[in-house]
Novice: 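There's a structure below that I have some questions on.
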Amino acid sequence: MFGQEKPVAAANVAVIRDKGIGFKAGLLAGILGLSLMVLAAGTAGAAESAWDGIPSKKAPKLVTEGLTEQDHPNLDKVFVKPGVKLASYGKVMLAPMDTAIERRFDEVLLSVRERDHAFEYMTKQLEESFGPALVKEPGPGVLKLAITFTDYVPNRSFHAEKARGGGTVDRVYSVGRAAFQATLTDSQTGEVVAVIADADMGLPFPDNVNTYTIYGDADRFTRRWAKQIARLVTGDAAS
């Protein structure tokens, strides 16, 4: 009759209810799957690309407590633990390198590509300078060398990212520069036995022959530093 509700069988109600539950479960599963896909895409997008800028980071203060400063003809800072002769070790192993490079808002960040070049080139130069004195495992007579680049400006930087405000610029540096801090520790005890630091900048134009290279100035400093660190450890006269 008009105005009266038609009775619904209990079995039909159960079927409708089950279908509703199934629909909700399917919807939730779909949302969860989509969320996981978005998360995975975000994680993949977060992976470093060659052109990503390395975040600006203030260089740590040199930890020289218990060390005595020594004069060096070329390196800015050399601190050694009193009574320790670095040459008595004679061997060194490399720790993973790091960067702590501070940039002002209007400056260009170091890119992943440039950081990787700095690490790879320094490693290569240390391998050549130390020769068989460079080892891979800790042990008696082995120092652990940890290097942090505290500045690194290539002569030419492509697709460079600004420190603040976003965006990229194609900027050419006519003069390159670089700086590092290094800590030498006893590989067995972990005791700091020496701290080294230096910074250098290329010559101004037009005297700088590296102005149209990519890493000319920084590579030159790196070659020199590798030789000087090796000579400090092996006991040869400093260059």
Novice: Which atom pair, heavy atoms only, marks the closest approach of E107 to E102?
Specialist: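 Here E107 and E102 meet closest at OE1-O, 4.3 Å.
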Novice: Just by distance, do the side chain of D76 and the backbone of D198 share a donor-acceptor pair under 3.5 Å?
Specialist: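 Such a contact is absent between D76 side chain and D198 backbone.
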Novice: With side chains defined as the heavy atoms from C-beta onward, is the minimum distance between E137 and V142 less than 4.5 Å?
Specialist: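 A side-chain contact under 4.5 Å is absent here.
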Novice: Out of curiosity, L145 CG to M122 CE, how far, rounded to the nearest 0.5 Å?
Specialist: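 Going from CG on L145 over to CE on M122, the span is 8.0 Å.
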Novice: Has the side chain of R103 got a donor or acceptor atom that lies under 3.5 Å from a matching backbone atom of V108?
Specialist: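 The answer is yes, because a donor-acceptor pair under 3.5 Å joins these two groups.
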Novice: Under a 4.5 Å cut-off applied to non-hydrogen side-chain atoms, are T99 and F119 in contact?
Specialist: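 Yes, side chains in contact.
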Novice: Do D98 and K57 come close enough that some side-chain heavy atom pair is under 4.5 Å?
Specialist: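 Touching, per the 4.5 Å side-chain cut-off.
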Novice: Quick one: which of R223, R224, R177 gives a salt bridge (Lys or Arg N to Asp or Glu O under 4.0 Å) with D200?
Specialist: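 Testing D200 for a salt bridge (Lys or Arg N to Asp or Glu O under 4.0 Å) against R223, R224, R177 leaves exactly one candidate, R224.
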Novice: Of all the heavy-atom pairs spanning G90 and A133, show the shortest one and how long it is.
Specialist: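 Shortest heavy-atom separation between G90 and A133 comes out as O-CB, 3.3 Å.
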Novice: So, for L86 and A194, which heavy atoms are closest and what is the spacing to 0.1 Å?
Specialist: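 Shortest heavy-atom separation between L86 and A194 comes out as CD2-CB, 4.0 Å.
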Novice: Could you go through I54 and V112, starting from their C-alpha distance and side-chain angles, then the distance that decides it, and tell me whether this counts as side-chain contact (heavy atoms from CB on, under 4.5 Å)?
Specialist: CA-CA 6 Å; I54 304 299; V112 170; 3.8 Å; yes
Novice: F79, I229: one ILVMFWY side-chain cluster at the under-4.5 Å cut-off?
Specialist: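 No.
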Novice: Measure across L109 and S56 and return the closest heavy-atom pair with its distance rounded to 0.1 Å.
Specialist: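 Closest heavy-atom pair between L109 and S56: CD2-N, 4.0 Å.
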Novice: How far does CG of L110 sit from OH of Y152, to the nearest 0.5 angstrom?
Specialist: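 Rounded to the nearest 0.5 Å, the CG-OH separation comes to 8.0 Å.
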Novice: So how far is it from L143 CG to Q188 CD, rounded to the nearest 0.5 Å?
Specialist: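 With rounding to 0.5 Å, CG (L143) is 11.0 Å from CD (Q188).
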Novice: Measure the CG-CG distance between N210 and D217 for me, rounded to the nearest 0.5 Å.
Specialist: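 One finds 4.5 Å between CG of N210 and CG of D217.
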Novice: Distance only, no hydrogens: is a donor on one side chain within 3.5 Å (strictly under) of an acceptor on the other, for S49 and D52?
Specialist: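 There is such a pair between these side chains.
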Novice: Treat each ILVMFWY residue as a node, draw an edge where side-chain heavy atoms are under 4.5 Å apart, and state whether I214 and F149 are in one component.
Specialist: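 Result: yes, single cluster for both.
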Novice: Do side-chain atoms of S111 reach the backbone of E114 as a donor and acceptor pair under 3.5 angstrom?
Specialist: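 Side chain of S111 to backbone of E114: a pair is present.
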Novice: Would you say W225 and L134 are hydrophobically clustered, going by side-chain heavy atoms of ILVMFWY under 4.5 Å?
Specialist: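 Yes, because W225 and L134 connect within a single hydrophobic cluster, where side-chain heavy atoms sit under 4.5 Å apart.
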Novice: Drop me the distance from F221's CZ to M201's CE, to the nearest 0.5 angstrom.
Specialist: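 Separation between the atoms: 8.5 Å.
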Novice: For a quick test of reading the model, state the closest non-hydrogen atom pair linking A87 to G235 and the distance between them.
Specialist: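 Here A87 and G235 meet closest at CB-CA, 3.6 Å.
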Novice: So how far is it from Q228 CD to I196 CD1, rounded to the nearest 0.5 Å?
Specialist: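 It is 9.5 Å, given to the nearest 0.5 Å.
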Novice: How are the rings of Y215 and H117 set relative to one another: parallel (under 30°), tilted (30 to 60°) or perpendicular (over 60°)?
Specialist: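 If you compare the ring of Y215 with that of H117, the planes turn out parallel.
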Novice: Can you give me the closest heavy-atom contact between P82 and G66, atom names plus distance?
Specialist: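 P82 and G66 have their closest heavy atoms at CD-O, 3.2 Å.
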Novice: Got L232 and H72 here, is their nearest side-chain heavy-atom distance under 4.5 Å?
Specialist: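 Yes, at least one pair of side-chain atoms sits under 4.5 Å.
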Novice: D186 versus V84: any side-chain heavy-atom pair under 4.5 Å?
Specialist: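 In short, these two side chains do not touch, never coming nearer than 4.5 Å.
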Novice: Can you find a pair of side-chain heavy atoms, one from L184 and one from V192, that are under 4.5 Å apart?
Specialist: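 Side-chain contact under 4.5 Å: no.
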Novice: Side-chain contact, heavy-atom cut-off 4.5 Å: L62 with Q181?
Specialist: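 Heavy-atom side-chain distance check passes, below 4.5 Å.
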Novice: Is a side-chain donor or acceptor of S187 paired with a backbone partner of G139 at a separation under 3.5 angstrom?
Specialist: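 It does hold such a pair.
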Novice: I'd like to know if M97 and I101 are part of one continuous hydrophobic network [Ile/Leu/Val/Met/Phe/Trp/Tyr, side-chain heavy atoms within less than 4.5 Å].
Specialist: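 Yes: a chain of side-chain contacts under 4.5 Å links I101 to M97.
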Novice: Treating Ile, Leu, Val, Met, Phe, Trp and Tyr as nodes and any side-chain heavy-atom pair under 4.5 angstrom as an edge, say whether Y121 and I147 lie in one connected cluster.
Specialist: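 Unlinked, Y121 and I147 end up in two clusters.
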